[in-house]
2 protein chains.
Amino acid sequence: MTTPAYQDCPVEDALRILTGKWRLLVLFRLCKGPQRFNALQRSLSPVTQKVLTITLRKLEADGLIWRKSANTIPPEVTYGLTEHGAALEPVLDALGRWRMGEADRSRKHTRKVQR
Amino acid sequence: MTTPAYQDCPVEDALRILTGKWRLLVLFRLCKGPQRFNALQRSLSPVTQKVLTITLRKLEADGLIWRKSANTIPPEVTYGLTEHGAALEPVLDALGRWRMGEADRSRKHTRKVQR
DNA sequence: CGGTATCCTCGGGGATACTG
DNA sequence: CAGTATCCCCGAGGATACCG
């Protein structure tokens, strides 16, 4: 990795888990129980199949989620949290309890992202 | 924002806070107390001045840190956590306690992107 | 010391089309 | 249904140089 300078805090790992626009969202969804691919995609608004797939593959590679594929036609693939992924719930929970806007700062980071 | 679809969980905020290679690191550092610019930069390994500056500015704009500048020569600028930033400590703490490798998965994100 | 000002790279993320 | 396969865009992040 490019930044091997923090032996005191395991943020390198955190960065891998949290980096990416959809990873947290997926984990949040799966906290509520296993989900099939389409259900995930629909609940995650406008994520494309490609991106969702990649996201899920990475989460799986990181050992945070599992993937169960019934080899049928039509396919039926289910995703859920592993033990290790479920261990993240305190983090997600702390995040959820944190919240940003209790004081309205009325600034939204001023991103335009207009296309 | 491009994705306004999760009223149930405040992840949009989380994404803004956690997105970026250095934000978490900076917050971790400032948990231990206010720091001057150079101290931060040195403790954060190979971050460039530009990137650190941008990171700090954004964190400031998000109300997570404050910036105190003594208008002297040479300058002396100090950064620290605001109340709101300090409220993130539970999250950082939960993250810190989580850790990745307690079971050796012996895999370090080895996605080969085989084609 | 603590910044701006430029320029560039790289890859995450998206759009679209096709498939077992 | 749950994916691959391409192509493309843009912006975060980095290198370098200069400044009050």
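Everything quoted here is computed from the prediction, not taken from an experiment.
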Next on the checklist: At 10 degrees resolution, what angle do the end axes of the helix from C/dC1-D/dG20 to C/dG20-D/dC1 form when each is taken over five base pairs?
Outcome noted: 60°

Item to check | Whole-Å distance separating the CD1 atom of A/Ile54 from the P atom of D/dC7 | outcome: 16 Å

Item to check | Separation of atom NZ in A/Lys68 from atom C1' in D/dA2, rounded to whole Å | outcome: 15 Å

Checklist entry - Heavy atoms, side chains only, cut-off 4.5 Å: are B/Leu25 and A/Leu15 in contact? => result yes

Next on the checklist: According to side-chain contact (heavy atoms from CB on, under 4.5 Å), who are the partners of B/Arg67, at least two apart in sequence or on a separate chain?
Outcome noted: B/Arg57, B/Glu60, B/Ser69, B/Val77, B/Tyr79

Next on the checklist: I'd like to know if the side chain of A/Arg29 and the backbone of A/Leu44 have a donor-acceptor N/O pair within less than 3.5 Å.
Outcome noted: no

Next on the checklist: I need the CD-C1' distance between B/Gln41 and D/dG13, as an integer number of Å.
Outcome noted: 14 Å

Checklist entry - Atom CG of B/Leu15 to atom C1' of D/dA12: distance rounded to whole Å? => result 15 Å

Checklist entry - Mind checking whether A/Leu52 and A/Trp22 have side chains closer than 4.5 Å, heavy atoms only? => result no

Item to check | Check: A/Leu18 and A/Arg23 side chains under 4.5 Å, non-hydrogen atoms | outcome: no

Checklist entry - Does B/Asp93 have any side chain to side chain donor-acceptor pair (under 3.5 Å) partners at least two apart in sequence or in another chain, and if so, which? => result B/Arg97

Item to check | Nearest-angstrom distance from the residue atom CZ of A/Arg16 to C1' of C/dG12 | outcome: 16 Å

Checklist entry - In B/S/- notation, 5' to 3', how is nucleotides 1-6 of chain C contacted by protein heavy atoms closer than 4.0 Å? => result BBBS-B

Checklist outcome for this item: A/Leu44 atom CG is separated from D/dA2 atom P, nearest whole Å, by 14 Å

Checklist entry - For the pair made of CG in A/Leu52 and C1' in D/dG3, what is the distance, rounded to whole Å? => result 11 Å

Item to check | Sequence-distant partners of B/Gln35, side-chain contact (heavy atoms from CB on, under 4.5 Å), two or more places apart | outcome: B/Leu30, B/Ala39, B/Leu40

Checklist entry - Considering residues at least two apart in sequence or located in another chain, which fulfil the side-chain contact (heavy atoms from CB on, under 4.5 Å) criterion with B/Pro75? => result none

Item to check | Residue pair B/His84 / A/Trp98, side-chain heavy-atom distance below 4.5 Å | outcome: yes

Item to check | Residue met sooner reading DNA chain C from 5', once A/Gly20 and A/Ile73 are mapped to nucleotides | outcome: A/Gly20

